[in-house]
Amino acid sequence: MIRSPLRAGLALACALSLTSCGGGDGEFYLSGVVYGINKGNLVLTNNGGSDKTITSAGTFYFDDLVDADSSYNIEVKSVPDNIASPAECKVTGGKGKATFNITTIVVSCTINTHELGGTVSGLAGSTNDKPLVLINGSDRVEVTPAALPTPDTPPASVSQPVKFAKVPEDGKYGITILQQPTDRRCEVANGIGTMLKADITNVQVTCTPIVPAV
């Protein structure tokens, strides 16, 4: 088996990428990209024997080189605790015969997600054409004012639900006001944090009427 030109090229590739890859006496390296993890440890295995622990999304290399013409079969052995099971990480390009360096393995994981929401109080009865707009990152929520049960009902006594897109477990959230209503001033409480293992339902947006200047 001719090894020297390939080994020289592999050593150069690893040095240039500042990545430690390829130990042992094999010929080719196995590498790819992981998507959809935000914490460790994701463990991949090749042919049920050679493991690779990955702690963040991005490019990975198996530590051991594989022989030319040998079969490889990349599977998910274990996942971080915010992913339901190994079945939630899909491997593509993970099986074949090594006739050259393998760089096309893709592992795509789906993190558990949870609800993010709460209530808006004091907005009911607002009649202006400039609605309250809340954002969480790229998620934009426009809140339509509820109707007052009676003309004498204080707006502050009326609460209405607000719901955002689900947030990945261990992901950050930060709810802010993008646009204030013309006739209200609103403030957000409990709007910043890290999504744990349960829904967040205590976001509170409190609005108060603006008293016109005399």
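Note that the structure is predicted; figures quoted are calculated from it, not measured.
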Report the distance from atom CG of Leu42 to atom CD1 of Ile83, rounding to the nearest 0.5 Å. 6.5 Å
Spacing of CG belonging to Asp199 relative to OG1 belonging to Thr113, to within rounding of 0.5 Å: 9.0 Å
All pairs passing disulfide bond (SG atoms under 2.5 Å apart) where residues 120-160 contributes a residue, at least two apart: none
Joining Ile, Leu, Val, Met, Phe, Trp and Tyr whenever any side-chain heavy atoms lie under 4.5 Å apart, the cluster holding Val106 also takes in Val33, Tyr35
Contacts of Asn136 meeting side chain to side chain donor-acceptor pair (under 3.5 Å) (sequence neighbours excluded), chain-then-number -> none
Which pairs, with at least one residue in residues 91-107 and sequence neighbours excluded, count as a salt bridge (charged side-chain N to carboxylate O under 4.0 Å, His left out)? none
Using the side chain to side chain donor-acceptor pair (under 3.5 Å) criterion, which residues pair with Asp51? Sequence neighbours excluded. Thr45, Lys77
When clusters are formed by joining ILVMFWY residues with side-chain heavy atoms under 4.5 Å apart, either directly or through shared neighbours, do Val43 and Ile111 land in the same one? no
Are Ile37 and Val79 joined in one hydrophobic group, where the rule is that I, L, V, M, F, W and Y side chains link up if heavy atoms are under 4.5 Å apart? yes
Name all residues meeting the side chain to side chain donor-acceptor pair (under 3.5 Å) criterion together with Asp81; count only those two or more places apart in sequence or in a different chain, and write none if there are none. Lys39
Using modelled atom types and a 3.5 Å cut-off, is there a donor and acceptor pairing between side-chain atoms of Asn46 and backbone atoms of Asn73? yes
Show the atom names and distances, to 0.1 Å, of all donor-acceptor pairs under 3.5 Å that link a side chain in residues 203-211 to residues at least two apart or in another chain.
| unit_1 | atom_1 | unit_2 | atom_2 | d |
| --- | --- | --- | --- | --- |
| Gln204 | OE1 | Thr119 | OG1 | 2.7 |
| Gln204 | NE2 | Ser121 | OG | 3.2 |
| Thr208 | OG1 | Arg185 | O | 3.4 |

Polar side chain donor-acceptor pair, Asn82 to Asp170, under 3.5 angstrom: yes
More than 12 heavy atoms of other residues, nucleotides or ligands under 6.0 Å from NZ of Lys130: yes or no? yes
Linking I/L/V/M/F/W/Y whenever any side-chain heavy atoms sit under 4.5 Å apart, do Val162 and Ile135 land together? no
Would you list the pairs meeting disulfide bond (SG atoms under 2.5 Å apart) in which at least one residue belongs to residues 69-106, sequence neighbours left out? Cys89-Cys109
Disulfide bond (SG atoms under 2.5 Å apart): which pairs involve residues 51-84, sequence neighbours left out? none
Answer yes or no: does atom CD of Glu115 have more than 12 heavy-atom neighbours from other residues, nucleotides or ligands under 6.0 Å? yes
Starting from Val188, can I reach Val143 by hopping between I/L/V/M/F/W/Y residues whose side chains sit under 4.5 Å apart? yes
For residues 143-162, the side chain to side chain donor-acceptor pair (under 3.5 Å) pairs (sequence neighbours left out) are Thr150-Thr153
For Asp183, check side chain to side chain donor-acceptor pair (under 3.5 Å) against everything at least two apart and list the hits. Ser126, Asn128
Which pairs with one or both residues in residues 112-179 pass disulfide bond (SG atoms under 2.5 Å apart), sequence neighbours excluded? none
